[in-house]
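Written out below as C-alpha cells is the structure these notes cover.
Note on naming: letters A, B, ... go to the chains in the order of the sequence lines (proteins, then strands), and numbering restarts at 1 for each one.
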Amino acid sequence: MTKSFIYTYNNFLKNFLKNNYSLEESVFKEVSNHINFFDMPKNSQHGDLSTNVAMMYSKKLNLNPRDLAQKIVNAFNDNKKELFIKKIEIAGPGFINFYLNPTIWQLSLRDILDNINDYGYEDVGQGERVNIEYVSANPTGPLHIGHCRGAVIGDVLASLYERMGYQVTREYYVNDAGGQINQLISSIRYKIKSFLSINTEEDVLIYNGEYIEIISKEILQKYSRAVIEDPDCDEIIRQYSIDYILKLIKNDLKKINIKHDVFYSEKSLLDSGEIPEAIQILKQKGFVYWGKLEQPINQENIDVIDREQELFKSTNFGDDIDRAISKADGTHTYFASDIAYHNNKIKRGFIKLINIWGADHAGYVARLKGSVKALTNNDASVEIILCQLVKLFRDNKPVKMSKRNNDYITIDEVVDEVGPDAIRFMMLFRKADAPLDFDFVKVCDKSKENPVFYVQYAHARIHSVFRNWNETNKKKFDEEISNMSSNFDLITDPNEIDIIKNMSYFPMVIRNALITNDIHKIAYYLHDLASEFHSLWNHGNDHSEMRFIIENKELTQQRLCLIYCVAGIIKSGMDILGVTCPESM
RNA sequence: GCACCCGUAGCUCAGCUGGAUAGAGUAGGUGGCUUCGAACCACUUGGUCGGGAGUUCGAAUCUCUCCGGGUGCGCCA
C-alpha cells in the first residue's frame with residue numbers, strides 16, 4: 001500500500017510543528033490526527049499545493065501568522081530538493097503556497113502505476129475487528145426499494161473498512177421474536193383458516209401481501225388441515241414463515257450484491273438467557289432502578305399503566321427520559337433484547353460497532369449508545385449512521401410503502417429495469433443524512449441520466465483505446481505494462497498534469513470517507529475524475545496532437561499508462577461501491 | 001411541546017474538523033463527430049448560500065435566535 005506524496009508533505013509539516021514548538025496536549029493530538037493540511041488550489045496562481053496551517057495555529061502558539069508561515073517556509077526550503085519545491089510564497093493573511101517542480105507529477109504517476117491495484121489504501125485498522133450491522137429489516141415481508149439505501153451504505157462502508165485494514169463482520173439482526181412476528185403468525189393463521197372457511201371473529205389479518213397467501217398454502221400442503229388444531233400450530237407457522245421470508249430477503253439482497261456474514265437471531269438470544277444476563281450487568285453497575293415514567297406528551301391514545309417498573313438510566317447518557325426494560329406482562333422490551341444483543345457483540349470481542357439505521361429510529365440512538373457505554377465502562381463504542389428515508393414515487397405520485405396493504409415497489413421491479421449498478425450508485429450519490437426521492441418511473445425511463453453510466457463510460461472509453469492499440473500493435477497493452485519503466489518525462493501538458501494531480505488526491509478522499517463514514521464522497525470523486533477524463537478525451541478531438549494514440553510511440557505509451565491509471569482508480573473506487581466497471585458498454 | 005435532520009442557481013444536489021472569485025447535473029442559449037466510442041465536450045444565461053445577530057483577520061461552514069420543511073417522541077419493533 002502506498003500513500004500519495006502529499007503524505008510526505010503532511011508528515012514533514014506535522015513533525016516540524018511537533019519538534020519546534022511545545023504544543024499543549026490537545027493541540028498535539030489535533031495536529032497528529034489531522035488527515036491533511038494541504039489543498040490543491042483551484043486557482044493556479046496559488047501554486048500546486050497550499051496550506052492554511054499557519055493561520056490555524058498562530059493563535060495557539062502565540063505567534064503572528066505570517067511569522068509562523070515564514071518559519072514553516074524556511075523549514076521546507078531547507079529540504080527544497082528532496083521535496084521537489086520550486087518556490088514557496090506566503091500570501092494574504094498567512095497562506096503558504098507551494099510551487100512544485102513538475103517532475104513531482106511524473107513521479108507521482110509512476111507511483112500510482114506501480115501500485116495501481118491498491119493505490120490510496122492504507123492499513124488504518126491494523127486488523128482491528130469492527131462489526132457493521134445493516135438492513136436488519138423485520139422478517140415480516142420481502143424487502144422493498146426503501147430498504148436498499150441502508151443496505152447499500154452498510155455494504156459499501158464494510159468494503160471500505162476492509163480495504164483500510166479492518167477485519168469486518170457484516171451482520172444482520174433478525175427480529176424473529178416479539179409482537180410483529182406474532183402479528184405475522186396470526187395473519188397466516190387467518191389465511192389458513194380462511195382457506196378452510198373456518199374463520200372466527202377473533203382472527204385478524206394484519207399483513208396481507210401475496211407472500212402471506214403463498215406461505216399459508218404451503219403450510220397447508222405440508223401439514224394438512226390438522227395443523228390448525230395442533231397445539232404447536234403457532235410455532236410451526238412461525239418457523240415456516242420466517243424461513244420463507246428470510247429466504248426472500250436474502251434473495252433480494254443478493255440481487256443488489258449486498259453481503260452479510262452473520263444473521264443473528266433475536267429468538268436465539270431469548271432462548272440462551274442472555275437478556276437477564278445483560279440486564280444483570282447493568283444492575284450491578286447501578287444503571288437499573290425501579291421507578292415510574294411520566295405520561296408522554298401528545299400521545300393520549302397510548303395506554304400508560306401507572307406502575308413502578310425496571311428502568312435503564314439513559315438520562316445519564318443524554319437521553320430525554322429513562323427507558324423501560326420490562327413490560328407490565330413481565331416480558332422484556334425490545335430495548336432489553338437490544339441491550340443483550342449488543343452485549344453479545346461485545347462478548348464476541350468487538351469493541352468497534354457500527355449500526356446503519358433509518359432516520360425514523362433517531363430517537364433510539366441515545367439509549368442504545370448509553371447502554372453500550374454502561375455495559376463496557378466506555379471501552380466499546382457504537383457509531384450509529386442514520387440514513388434518511390427514501391421517499392418513493394411512481395410517476396410523481398407518492399407511493400406509501402406498507403407490508404400491510406401490499407403497495408410495494410419491490411427490488412425485483414427496479415433491478416429488472418435498471419440493474420443493480422444504477423440502484424447502488426443512485427443510493428450512494430447523495431449524503432446519507434439527506435432525504436432521497438426515488439421515482440420508479442423516472443429512474444427507469446431516464447436511466448441514462450444516472451451518473452453511474454457517466455463514470456462507467458469513462459472506464460469503457462479507456463478500454464476502447466487499449467483495444468485500438470492492441471489491434472495495431474498485435475499485443476495486449478495491459479500485458480506490456482509491467483515491462484514499461486518510463487519516467488513519464490513526456491507527460492507535460494497541463495491537462496494531463498491536472499488529471500495526475502487529481503489522482504494523487506485519491507488517497508485523501510478515501511481516508512476522509514473512512515474517517516467521516518461519508519461514502520458518497522467516493523462516488524462524487526469518481527464522477528469528478530471521470531469528468532476530467534472525458535474532457536481530456538475531447539481535448540484530443542479538438543487538438544489531434546493531444547490524442548492518446550499518436551505517431552510518437554514513446555509518448556503514446558506514456559499516455560496510455562496515464563489513462564490506464566485513471567481506469568485503475570475508477571475500477572478500484574467502483575469496487576468499493578460494489579458497482580461494476582464494464583470494459584465496453 | 002421536546003429531540004434530531006434538512007433549507008445553497010428555475011429544478012435535483014455537492015461543498016461544512018472556518019480560508020483566497022460559492023460548484024456540478026438538469027433545464028434555457030451557442031458551438032463541436034472524414035480522425036482513439038457524441039452515453040461525450042467547450043462556451044454561455046442563472047445565486048441576498050432561508051432571515052437576523054454573534055465569534056473571527058476571514059463564516060455556506062461554528063454559536064444563538066426566528067421562519068419554513070421532514071422524521072421521531074410507547075411498557076411497538
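Using N1 to N3 plus N6-O4 or O6-N4 for Watson-Crick, or N1-O2 and O6-N3 for G-U wobble, each under 3.5 Å, B:A77 pairs with nothing. Within the shown strands, B:C67 is the pairing partner of B:G7 under the Watson-Crick or G-U definition, both distances less than 3.5 Å. Nucleotide B:C43 is matched to B:G29 when pairs are restricted to Watson-Crick or G-U wobble geometry with both distances under 3.5 angstrom. Across all strands shown, B:G72 is found opposite B:C2 as a Watson-Crick or G-U wobble partner, with both distances under 3.5 Å. Under the Watson-Crick or G-U wobble criterion, with both distances below 3.5 Å, B:A14 has no partner in any strand shown. Across all strands shown, B:C57 is found opposite B:G19 as a Watson-Crick or G-U wobble partner, with both distances under 3.5 Å.
Residues satisfying the side chain to side chain contact (heavy atoms under 4.5 Å, CB included) criterion with A:D518, sequence neighbours excluded, are A:T516, A:H520, A:K521. For A:E383, the side chain to side chain contact (heavy atoms under 4.5 Å, CB included) test picks out A:Y161, A:K352, A:I354, A:N517, with sequence neighbours left out. Applying the side chain to side chain contact (heavy atoms under 4.5 Å, CB included) rule to A:Q388 yields the partners A:R149, A:A359, A:P435; only residues at least two apart in sequence or on another chain are considered. For the ring pair (Phe, Tyr, Trp, His ring centres under 6.0 Å) test, residues two or more places apart in sequence or in another chain that qualify with A:F38 are A:Y9, A:F98. In this structure A:F335 satisfies the side chain to side chain contact (heavy atoms under 4.5 Å, CB included) test together with A:F312, A:R323, A:I325, A:T333, A:I339, A:Y364, A:R367, A:S371, sequence neighbours excluded.
In this structure, of B:G37, B:C41, B:G72, it is B:C41 that holds the atom nearest to the side chain of A:H534. Here B:A77 is the nucleotide among B:G32, B:A77, B:G37 with the atom lying nearest to any side-chain atom of A:E266. With B:A20, B:G32, B:A3 as the choices, the nucleotide that has an atom nearest any side-chain atom of A:D320 turns out to be B:A3. Minimum atom distance to the side chain of A:I35 is reached by B:U17, of the listed B:U17, B:G19, B:C36. Among the nucleotides B:C75, B:C76, B:G37, the one closest to any side-chain atom of A:S584 is B:G37. Between B:A39, B:G37, B:C5, one nucleotide has an atom nearer to the side chain of A:Q388 than all others, and that is B:C5. With B:G37, B:A39, B:C57 as the choices, the nucleotide that has an atom nearest any side-chain atom of A:K59 turns out to be B:C57.
Residue pairs that meet the salt bridge (Lys or Arg N to Asp or Glu O under 4.0 Å) test with at least one member in residues 39-55 of chain A, sequence neighbours left out, are A:D48-A:K501. Applying the salt bridge (Lys or Arg N to Asp or Glu O under 4.0 Å) test to pairs two or more places apart or on separate chains, those with a residue in residues 54-64 of chain A are A:E30-A:K60. The salt bridge (Lys or Arg N to Asp or Glu O under 4.0 Å) pairs that include a residue from residues 537-556 of chain A number zero, where partners must be two or more places apart or lie in different chains. Note on residues 419-439 of chain A: pairs passing salt bridge (Lys or Arg N to Asp or Glu O under 4.0 Å), not counting sequence neighbours, are A:D155-A:R424.
Of all heavy-atom pairs between A:D338 and A:Y173, the closest is OD1-CE2, 3.8 Å. Of all non-hydrogen atoms in A:F477 and A:C561, the two that sit nearest each other are CZ-N, 3.8 Å.
In this structure, A:H34 counts as stacked on the base of B:U17 under the 5.5 Å centre distance and 30° plane angle limits. Remark: ring of A:H361 overlaps the six-membered base ring of B:A77 in a stacked fashion, centroids less than 5.5 Å apart, planes less than 30° apart.
Side-chain contact between A:L368 and A:W357 is present, with at least one heavy-atom pair separated by less than 4.5 Å.
With hydrogens and angles ignored, a donor-acceptor pair closer than 3.5 Å exists between the side chain of A:N97 and the base of B:A20.
A:A530 comes within 4.0 angstrom of no nucleic acid atom, judged by non-hydrogen atoms across all strands. Nucleic acid contact class of A:G92 (heavy atoms, under 4.0 Å, all strands): none. Within 4.0 Å (heavy atoms only), A:T516 reaches no atom of the nucleic acid at all. At a threshold of 4.0 angstrom between heavy atoms, the contacts of A:T333 are confined to the sugar-phosphate backbone, with no base atom among them. Counting any heavy atom pair closer than 4.0 Å across all strands shown, A:A362 reaches no nucleic acid atom. The residue A:W469 sits apart from the nucleic acid: no heavy atom pair falls under 4.0 Å. Within 4.0 Å of A:N541, counting heavy atoms only, lies at least one base atom of the nucleic acid. Across all strands shown, A:A458 has no heavy atoms under 4.0 Å from either base or sugar-phosphate atoms.
Taking side-chain N and O atoms only, A:N450 has no distance below 4.0 Å to OP1 or OP2 of B:A39. Contact annotation: A:Y334 does not reach the phosphate of B:A77 (side-chain N/O to OP1 or OP2, under 4.0 Å). Regarding contacts with the backbone of B:G72, every side-chain N or O of A:W357 stays at 4.0 angstrom or more from both OP1 and OP2. Considering only side-chain N and O atoms, A:K327 lies under 4.0 angstrom from the phosphate OP1 or OP2 of B:C76. For A:S337, no side-chain nitrogen or oxygen approaches OP1 or OP2 of B:A77 to under 4.0 Å. OP1 or OP2 of B:A38 lies within a sub-4.0 Å distance of a side-chain N or O belonging to A:R461.
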Quick one: which protein N/O atoms are closer than 3.5 Å to N/O atoms of nucleotides 21-30 of chain B? Pair and distance per line, please.
from  : atom 1 : to    : atom 2 : distance (Å)
B:U21 : O4     : A:N43 : ND2    : 2.4

Can you tabulate the close N/O pairs, meaning under 3.5 Å, that link protein atoms to atoms of nucleotides 12-16 of chain B?
from  : atom 1 : to     : atom 2 : distance (Å)
B:U12 : O2'    : A:R430 : NH2    : 3.4
B:C13 : OP1    : A:R430 : NH1    : 2.8
B:C13 : O5'    : A:R430 : NH1    : 3.4
B:C13 : O2'    : A:Y524 : OH     : 3.0
B:A14 : OP1    : A:K431 : N      : 3.2
B:G15 : OP1    : A:H520 : NE2    : 2.8
B:C16 : N4     : A:K431 : NZ     : 3.0

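Side-chain atoms of A:Y289 never come within 3.5 Å of backbone atoms of A:K283 as a donor-acceptor pair (strictly under, hydrogens ignored).
Comparing B:U44 with B:U63, their P atoms are spaced 37 Å from each other, to the whole Å. The separation of B:U34 from B:C11, taken at their P atoms, amounts to 39 Å, rounded to a whole angstrom. Across the C1' atoms, B:A14 and B:C57 are found 28 Å apart, a figure rounded to whole Å. To the nearest whole angstrom, the two C1' atoms, one in B:U55 and one in B:U8, are 23 Å apart.
Near-neighbour residues of RNA chain B inside residues 48-55 of chain A, defined by a heavy atom below 4.0 Å, number-ordered: A:S50, A:N52, A:M55.
By the neighbour-count criterion of 12 heavy atoms within 6.0 Å, atom CD of A:E471 is sparsely surrounded, having that number or fewer from other residues, nucleotides or ligands.
Closest-nucleotide positions on RNA chain B for A:D329 and A:L536 were compared, and the one nearer the 5' end corresponds to A:L536.
A donor and an acceptor atom, one from each side chain of A:N138 and A:T140, are nowhere located under 3.5 Å apart.
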